[in-house]
Structures are given as C-alpha cells and as structure tokens.
Number of protein chains: 2
Amino acid sequence: MIRVILAEDQAMVRGALASLLDLEPDIEVVGEAATGEEAVAVVERVRPDVALLDIEMPGMDGIAAAAEIRDRVPGCRVMILTTFGRPGYLRRAMEAGAAGFLVKDSPARDLAVAIRRVLGGERVIDPGLAAAALSAGPNPLSQRERAVLAVAADGATIADIARALHLSEGTVRNYLSSAIQKTGARNRIEAVQRSRLQGWL
Amino acid sequence: MIRVILAEDQAMVRGALASLLDLEPDIEVVGEAATGEEAVAVVERVRPDVALLDIEMPGMDGIAAAAEIRDRVPGCRVMILTTFGRPGYLRRAMEAGAAGFLVKDSPARDLAVAIRRVLGGERVIDPGLAAAALSAGPNPLSQRERAVLAVAADGATIADIARALHLSEGTVRNYLSSAIQKTGARNRIEAVQRSRLQGWL
DNA sequence: CGGGAAGCCTGACAAATGTCACGGAGAAGG
DNA sequence: CCTTCTCCGTGACATTTGTCAGGCTTCCCG
C-alpha cells in the first residue's frame with residue numbers, strides 16, 4: 001500500500017483528489033492538510049511514503065513545505081501538484097528536493113501513475129515544462145528587485161514601497177526600473193505580469 | 001439517477017470531481033467539458049438534469065455558458081462551482097439564471113448535497129457570500145470603464161488602450177480616472193485589484 | 001590585494017499618469 | 001419640451017513614474 005498525504009487549500013478539490021486516489025487499489029490517503037505548516041506537521045506524524053503538495057496555499061507555500069519536509073522527514077518523497085506550470089516554480093521545486101512536478105491540466109489518470117513512478121525512484125516532470133524551464137533560464141531578478149516588485153504588485157506607490165521596505169524612494173525607483181529592464185517590460189504592471197508568468201515572483 | 005455534466009478547464013480537478021460524484025449512489029456524471037462552448041454543446045446533446053460549471057475557463061466563461069444553457073435547454077439546472085467567492089460573480093451568476101453557487105473552499109461532501117437540493121427546486125447559495133454580495137452593492141463601473149480597466153489590467157499603456165478600443169487618449173484617461181475614483185483606489189493597479197476582488201471585472 | 005557585484009543612496013530629467021474643467025451628441029425619462 | 005445621464009472628446013495642469021549618471025559601502029572571489 002502506498003501511503004499518501006494531500007496538501008491543498010481548496011477543501012473541495014482536496015476531497016475530490018482524495019476520492020480519486022482512493023479508487024486506486026494500491027494507494028491510500030492517510031492525511032490531509034490545508035496549509036504548508038499543516039502539511040509538515042501531518043507528514044511528521046503519519047510518515048507517509050509520498051506527500052502531494054499544492055504550491056498556492058495560504059501561509060507557507062508548497063515549495064517551502066517541500067524543503068522543510070525533505071529536511072525533517074527525508075524518507076518521504078515530495079511531489080508538487082500545481083495549477084500553474086511556471087518555469088520558476090519547477091526550478092524552485094527541484095531545488096527544494098521535489099521528486100515530481102505535475103500540473104493540474106494533465107489528465108486525472110496521470111496522477112496515480114506519477115505517484116507510483118516517484119515511489120519507484122524516478123523523477124516525474126512534465127516534459128514540455130522542463131524544456132520551458134531550461135530555455136527560460138534562471139531568475140534574473142535580485143532579491144531586492146523581487147521584494148520591491150512583490151510589494152508593487154498589489155497597487156503600492158513608490159512611497160508605499162519605500163515605507164514598507166525601509167528604503168529611500170530613489171532606491172525603490174532604481175530597483176523597479178532595473179526589474180522593468182530585466183523583464184523586458186514597459187512599466188511595472190507588465191513587469192509584475194511577466195515575473196508572475198515565469199514564476200519569479 | 002441524477003444526471004450531471006461537469007465543466008472545468010483543469011483536467012485533473014475535473015477528473016477528481018467526477019470520481020467524487022460517482023461515489024454517490026444517486027448521481028451519475030454523464031458528460032464533461034473544458035470550456036464554456038463545450039459545456040453548452042454537451043448539455044444540448046446529453047440533456048442532463050444539472051450542469052456544474054466553473055467560472056474561470058478559457059473562451060466563454062461559466063457565467064456566459066449558464067445564460068446560454070438557460071436559453072437553449074431550460075430544463076437543465078445550472079450550478080456554478082468556482083474558486084473565487086466574489087460578490088460580483090454571484091450577482092452575475094444569479095442574473096444568468098444559476099440555481100446554485102458554490103465555492104471550492106467548502107467541504108467536498110457539500111457538493112452532492114447541494115446538487116440534490118438544487119434538483120429539488122431550491123436555490124443553494126453560500127450564506128456568507130450572499131451577505132457580502134448584498135452589502136457590496138451593484139457594480140458601480142460603467143461598461144466603458146470596465147472595458148478600459150480590463151485592457152489596463154494586463155500592462156497596457158494609455159496609448160495601447162486607446163488603440164485597442166478606438167478611443168482618444170484623453171478619453172481613456174478620463175475613464176481610467178473615474179474608475180480609480182469609483183473604486184476608491186489610488187492608481188490603476190489598485191483599481192484593477194479591487195475590481196477583481198469584487199468580481200466587477 | 002584588486003576587481004566585480006550587490007545594496008543603498010542622491011539628484012536631475014523626460015515621459016506617463018491622474019485630475020480637473022469644460023463642451024457636444026445622443027438616449028432615456030419626466 | 002426640458003432635464004439628466006452616459007458617452008466621447010479637448011486642453012491644461014500637477015504628480016508620479018521611469019531612466020540615467022553618478023557615489024558610497026560591503027562582501028565575495030580570483
């Protein structure tokens with residue numbers, strides 16, 4: 001029996017995935033979580049074979065949870081199951097020690113297959129996505145640029161960002177400007193968009 | 001037997017929901033669709049008792065599909081199942097003739113219950129959401145303001161918007177400005193954010 | 001040790017954005 | 001008919017944003 005835990009913030013999707021997996025004769029869902037923190041706690045308690053993590057969760061996200069689980073419970077394989085197949089996500093997931101990376105666009109039947117292969121020691125990654133991640137290259141944004149862009153993303157003015165990050169306004173502008181250059185955008189909105197699309201944010 | 005069709009663009013979620021519903025002894029999934037257009041076509045062909053529609057789908061969205069289905073196949077009850085419990089979505093869904101409105105945050109077991117109640121003639125709506133929709137009031141943005149804001153949302157400059165909508169730049173500014181006022185925002189980014197949050201966009 | 005890179009700042013400038021006051025056309029409604 | 005509303009446009013204006021060219025530290029790496 002393959003023992004799996006499921007982390008996903010949308011209760012209905014989580015329940016549906018559980019019922020999907022329970023159909024498989026060799027797979028058993030032994031725990032569920034709605035946040036990254038919960039996922040780590042559940043994994044430590046039930047010691048599953050595989051942890052299936054969504055990325056977009058409130059609080060600690062799935063990638064951070066993956067890293068945490070790898071450190072604390074090395075015997076547990078981590079798979080990421082996410083809505084968005086963004087190159088940066090895949091890259092970060094791999095760095096966090098994930099053994100699999102699936103997008104929710106792929107057919108439902110693939111999930112069980114992927115779990116079995118991961119348990120067999122393989123790394124399972126959407127091939128098209130892997131190519132995109134390689135061709136896109138690494139995240140060009142520095143930490144500061146990312147931080148500034150992240151705050152700008154929800155409508156903050158330069159002054160707001162400066163206050164939030166304890167920087168001078170001029171500095172914020174410079175970071176924003178260089179982020180705009182690096183993403184090839186024409187203004188901050190496009191820069192935010194493109195960064196999100198690449199999974200850099 | 002309650003005959004249901006499922007429209008949802010993420011194949012894995014769609015498959016999982018199908019397996020969830022198939023667990024119920026009195027419910028049968030008789031069709032699936034990945035877009036609004038497909039959903040309408042499938043409903044016309046298989047004539048289900050209930051159509052369960054996601055809102056966020058490529059092409060025609062779930063709300064537009066709901067309106068279409070109500071016109072073409074009046075006997076079919078329409079339920080919306082969406083990620084985002086935005087007041088404006090609920091309002092529009094009701095106007096499109098939906099009999100139910102569920103968010104994916106609610107527990108998986110609620111789904112089957114809601115389907116049975118809708119089939120019994122009830123209207124099933126998340127009570128908290130209904131209150132929010134009422135207190136939020138109707139969409140204050142005019143058609144033009146919405147259109148301008150929608151184009152601005154993905155990083156377009158004033159000139160871009162003017163070109164896209166065949167308006168003069170000054171006009172675009174005015175609409176954008178009034179949209180900013182009406183949403184109580186401080187710039188277009190905040191205006192876009194708030195409008196999205198309310199489901200006005 | 002001497003780059004080079006990142007972080008932080010300044011000041012100055014052009015361009016884009018947001019606001020305001022105003023006018024005309026057409027549709028809706030008293 | 002007159003009023004009011006939305007839509008579309010103008011022009012002028014203040015503010016914000018984006019760019020550029022510096023300068024100052026610190027830390028890392030060859």
Side-chain angles (χ1 to χ4, degrees), chain A residues 88 91-92 95 136-201, chain B residues 88 91-92 95 136-201:
Chain A
R91 180 176 297 264
R92 280 193 274 155
E95 284 165 9
N139 189 338
L141 301 174
S142 76
Q143 267 200 333
R144 276 301 183 185
E145 287 160 355
R146 263 207 315 281
V148 167
L149 208 53
V151 180
D154 35 57
T157 65
I158 301 264
D160 291 336
I161 305 172
R163 234 172 296 122
L165 301 181
H166 306 292
L167 293 174
S168 92
E169 302 198 5
T171 308
V172 171
R173 279 167 185 212
N174 287 338
Y175 283 128
L176 220 31
S177 179
S178 75
I180 291 168
Q181 310 286 205
K182 285 184 180 176
T183 51
R186 297 204 312 279
N187 54 48
R188 64 175 75 184
I189 312 185
E190 262 191 17
V192 166
Q193 280 220 321
R194 297 193 181 201
S195 301
R196 271 209 239 269
L197 202 65
Q198 295 290 329
W200 291 338
L201 217 158
Chain B
R91 181 177 297 265
R92 279 192 275 154
E95 284 164 9
N139 189 338
L141 301 175
S142 76
Q143 265 200 333
R144 276 302 182 184
E145 287 160 355
R146 265 206 314 279
V148 168
L149 208 52
V151 181
D154 34 56
T157 65
I158 301 265
D160 291 337
I161 305 172
R163 232 171 299 122
L165 300 181
H166 306 292
L167 293 175
S168 92
E169 302 199 5
T171 308
V172 171
R173 280 165 186 219
N174 287 340
Y175 283 128
L176 221 30
S177 179
S178 75
I180 290 168
Q181 311 285 205
K182 285 184 180 176
T183 52
R186 298 205 309 283
N187 54 49
R188 63 175 74 184
I189 312 184
E190 262 191 16
V192 167
Q193 280 220 321
R194 297 192 181 202
S195 301
R196 272 210 239 270
L197 201 66
Q198 295 290 329
W200 290 339
L201 219 158

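Heavy atoms only: backbone and side chains are in, while hydrogens, waters and symmetry mates are out. So you know, we letter chains A, B, ... as the sequences are listed, proteins then strands, and number each from 1. Values in this document were obtained by computation on a predicted structure and should not be read as measured data.
Without hydrogens or angle criteria, B/R92 side chain to B/G199 main chain gives a donor-acceptor distance under 3.5 Å. One N or O on the side chain of B/T183 and one on the backbone of B/A179 form a donor-acceptor pair closer than 3.5 Å. The main-chain N or O of B/L141 is never found under 3.5 Å from a side-chain atom of B/K182 such that the two would form a donor-acceptor pair.
Atom NZ of B/K182 and atom C1' of C/dG18 are 16 Å apart (whole Å). In this structure, A/L165 atom CG and C/dG7 atom P are separated by 12 Å, rounded to whole Å. Residue B/I161 contributes atom CD1, which lies 14 Å from atom P of D/dC8 at whole-angstrom precision. Atom CD1 in A/I158 sits about 10 Å away from atom P in D/dT16, given to the nearest Å. A straight line from NE2 of A/H166 to P of C/dG7 spans 17 Å, rounded to a whole angstrom. If you take CD1 of B/I180 and P of D/dT15, they are 16 Å apart, rounded to a whole angstrom. Counting to the nearest Å, the C1' atom of C/dG18 and the CZ atom of A/R188 are 13 Å from each other. Rounded to whole Å, atom P of D/dT16 lies 14 Å from atom CD1 of B/I189.
Base engagement by A/S177 is indicated by at least one non-hydrogen atom pair under 4.0 Å involving a base atom. The residue B/T171 sits close to a base: some heavy atom pair falls under 4.0 Å.
For the residue pair B/S177/B/N174, the side-chain donor-acceptor check at 3.5 Å is not satisfied.
Between A/T157 and D/dT16 there is no side-chain polar atom (N or O) within less than 4.0 angstrom of OP1 or OP2. Distances shown here put a side-chain N or O of A/Y175 below 4.0 Å from the OP1 or OP2 atom of C/dC8. Of the side-chain N and O atoms in A/S168, one or more sit less than 4.0 angstrom from OP1 or OP2 of C/dT10. Between A/S142 and the phosphate of C/dG7, there is a side-chain N or O to OP1/OP2 separation shorter than 4.0 Å. In this model, the phosphate group of D/dT6 is not approached by any side-chain N or O of B/R144 to a distance below 4.0 Å at OP1 or OP2.
Set against C/dC9, C/dT17, D/dC7, the side chain of A/L167 has C/dC9 as its closest nucleotide. The side chain of B/L176 sits closest to C/dG18 out of D/dG18, D/dC8, C/dG18. Among the nucleotides C/dT19, D/dT17, D/dC8, the one closest to the side chain of B/Q181 is C/dT19.
Under the 4.0 Å criterion applied to side-chain N and carboxylate O atoms, A/E190 and A/R194 are assigned as salt-bridge partners.
Taking for each of A/G170 and B/Q143 the nucleotide of DNA chain D with the nearest heavy atom, the 5'-most of the two is the partner of B/Q143.
Side chain B/N174 to base D/dC8: no donor-acceptor pair is found below 3.5 Å. No hydrogens or angles were tested; on distance alone, a donor-acceptor pair under 3.5 Å links the side chain of B/R173 to the base of C/dG18.
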*Walk me through it: do A/S178 and A/E145 pass the test side-chain hydrogen bond (donor to acceptor under 3.5 Å, both in side chains)?*
CA-CA 8 Å; A/S178 75; A/E145 287 160 355; 2.7 Å; yes
